[in-house]
Amino acid sequence: MIMLKEYDCWLQKRKITAGINVPDTVFAHKGGEVSDRAVKEFVCGIDRLLGFKPKVSRKIAAGKSGVFLGLVSGMKDAPECCGAKNWDAKCSLSENGFFIKAAEKQIFIAGKDEPGLLYGVFRFLSLLALGLIKNVFELCDSPVSALRMINHWDNFDGAVERGYAGNSLFYKNGGFDFDRQRIEDYARLLASIGINRVSINNVNVRANAKLLITEKYLKDAGKLADIFRRFGIRLLISVNFGAPWSLGKLPTADPLDEKAADWWKNRVALIYKYIPDLAGFLVKADSEGEPGPFQYNRTHADGANMLAKAVKPFGGIIVWRCFVYNCVQDWRDKNVDRARAAYDHFIQQDGAFDDNVILQIKHGPYDFQVREPVSPLFGALKKTRHVMELQITQEYTGHQIDLCYLPWVWEDIMRYDSAHGEKSSIMELTAKREEGLCGIEGFSAVVNVGLDGNWTGHTLAQANLYGYGRMAWNPAVTAKEIAREWSALSFGLNETARKIENILLKSYPAYEKYNAPFGVCFMVTPNTHYGPNIEGYEFSRWGTYHRASADAIGIDRTPSGTGYTSQYSPKNAALFADPSTCPENLILFFHRLRYDYKMKNGQTLLQNIYDTHFEGYDDVAAMLEDWKSLENSLESEVYNSVLSRFERQLVNAREWRDQINTYFRRKTGIGDNRGRVIYD
Ligand code: GCU
């Protein structure tokens, strides 16, 4: 029987057989808070995996057997024999990087900086648990991205916007209310996967949350920052652009008005009194009803730069979201294409932003759909710092009721080639930062955690949080590698873990099959975004239409339609504009096609819609059976909570299958060519 303490996620206490002799003394100089935490984590980690606690000596005894923990620059006291002193040059570590070297009787873990040491310790412990550290072992690793951010959409009343794992870890009843131990445990989990920034409140800064930047609440925000700081994590606060007006009672929040700018300067000085290392602000402006510079006929650069100037003296950044579009569209108007919005708004301003502004761009042009093309801004922006925004919380991907393993989505994104010059895939653009070019500086993701005992509602959704951290650190890590690591770290090195890994891997393809077909997007229930409602958004203001008729479906986004394809590099514009070269999983995003359009497998589009929906349901039924086969290997609490979610998922998949199939059969009058049941 495998015991899983869900609360501990991938940091389980589980006795393993180490592939290496771990000495019983740790040598480490007294360091700062984060270094000391690294030493603590090493000792606890060895205890939870090997069952003994190494003793810590603050005096480095050269030539001795032992574990040497420190900064690369401080390794000069460590024994000569393993050549550890040359490792800095050999690895050319960048910020937050580390090296690990294990040789007979000695283990070295050294960080480029204090967080680097902490990351090195956590990685060493994972590799040990995975059985990957053998007698002689060397690893140099630096994060490819500098910014590895988590965004909380937590509200002051304790609810979490798009949260499916219980209430907020930070707030309750209109203000801060947190359990310090729980926050520490959370910060530890995040640090163990390399996260270094956390924004603590919803980007929709409404009601009482506007008061977060007042003294009354900053005290508590400061306490939160103190906990995260020990794990190398700096906080961001989401701010409301209209604050000078709504909070400061000024007549305007115009970014070019001196009084508004001064108001921010004073406010920033106050905030930094309480959180001296605040990373900066996250801003959703002119988006879905939030105030912004457009209200004053100013540009986004005007707005962002005004804030950037206020935080600059404190070393702060402004993370400015590009999720800007017309959310009061008339569905009758076919000239407006929401997919175009982010590029149209921001490409013209490339180079107009201050150097401490970072644009945060959603990975696709719409909104975290099951399948979307990558935003055309990536690769096209040349003179503006930027990061990519992903969504770990399963807003459109099953609410953590349905299993949907998201690293598959992210792997496709990371490997997408923007075709803007050399080395232009997303993972290469991320690596470009290292070469001093304007690439992608990192990632941000809306998190999937809450007060539920297992953090993520669905226990297997922990894999999505883990996967995000691993991919944000290194976008070249594959979804399969992550599934293997996560399953083994959580359930151990055994057959059950391998089965769970396989279930994870099947889950995203299954979800995609029973959802909106071939990248057409938005066939979900309005507002909740769970379950099908095929025309739920057809006649609404949100700009997300599929326009299905009796003969055809989709929006023509080629130059003869809305012209969206032309926002891509010439190579990709041509690729997407031609249905014969457009990836089929996105064909209905880019094209309006007749139902009798022949797909590559020789079947019509309509038949492919039927086939994928029958298959998607069958895949869920098979996953449920796979899970049932684990009944005797897992504790009943874990087994049953996942089982009940699979049962609900099957009901959801059935609804999707039947509503989609019936909808298209009614539109076309054509049934399934294999005679399967489609309801009237
Ligand atoms: C989506 C989501 C909202 C969220 C918004 C955003 O539209 O449904 O809840 O506020 O994205 O990213 O700002």
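All ligand and atom numbering here is 1-based and tracks the order in the structure. The figures that follow rest on heavy atoms only: side chains count, while hydrogens, waters and symmetry mates do not.
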Can you name the residues that form a salt bridge (Lys or Arg N to Asp or Glu O under 4.0 Å) with Lys309, not counting sequence neighbours?
Asp354
Can an N or O of Arg321 be found at a distance shorter than 3.5 Å from an N or O of ligand 1?
yes
Assess whether a salt bridge exists between Arg557 and Asp337, defined as any Lys/Arg side-chain N lying under 4.0 Å from an Asp/Glu carboxylate O.
yes
Just heavy atoms, cut-off under 4.0 Å: does Asn204 contact ligand 1 by side chain, backbone, both, or neither?
side chain
Considering non-hydrogen atoms of the protein only, which is the closest contact for atom 3 (C) of ligand 1, and what is the distance?
Glu161 OE2, 3.4 Å
Could you pull out, from Lys362, Lys284, Arg162, Glu288, the option with a heavy atom nearest to atom 12 (O) of ligand 1?
Lys362
Give me the nearest non-hydrogen protein atom to atom 1 (C) of ligand 1 as residue plus atom name, then the distance to 0.1 Å.
Asp367 OD2, 2.9 Å
Taking only heavy atoms of Phe323, which atoms of ligand 1 are found under 4.0 Å from at least one of them?
5 (C), 6 (C), 7 (O), 11 (O), 12 (O), 13 (O)
Would the distance check show the side chain of His613 and the main-chain N or O of Ile609 forming a donor-acceptor pair, the cut-off being under 3.5 Å?
yes
Test your reading of the structure: does Trp153 have an N or O sitting under 3.5 Å from an N or O of ligand 1?
no
Where is the nearest protein heavy atom to atom 8 (O) of ligand 1: which residue, which atom, and how far?
Glu395 OE2, 2.5 Å
Ring centres under 6.0 Å, that's the criterion: do Phe539 and Tyr545 meet it?
no
Would Arg338 and Tyr325 count as a cation-pi pair here, with the cationic atom under 6.0 angstrom from the ring centre and within 45° of the axis?
yes
Is there a donor-acceptor contact under 3.5 Å from the side chain of Ser507 to the main chain of Tyr405?
yes
For ligand 1, which atoms sit closer than 4.0 Å to a heavy atom of His529?
8 (O)
Just jot down the side-chain hydrogen bond (donor to acceptor under 3.5 Å, both in side chains) partners of Tyr617, sequence neighbours excluded, or say none.
none
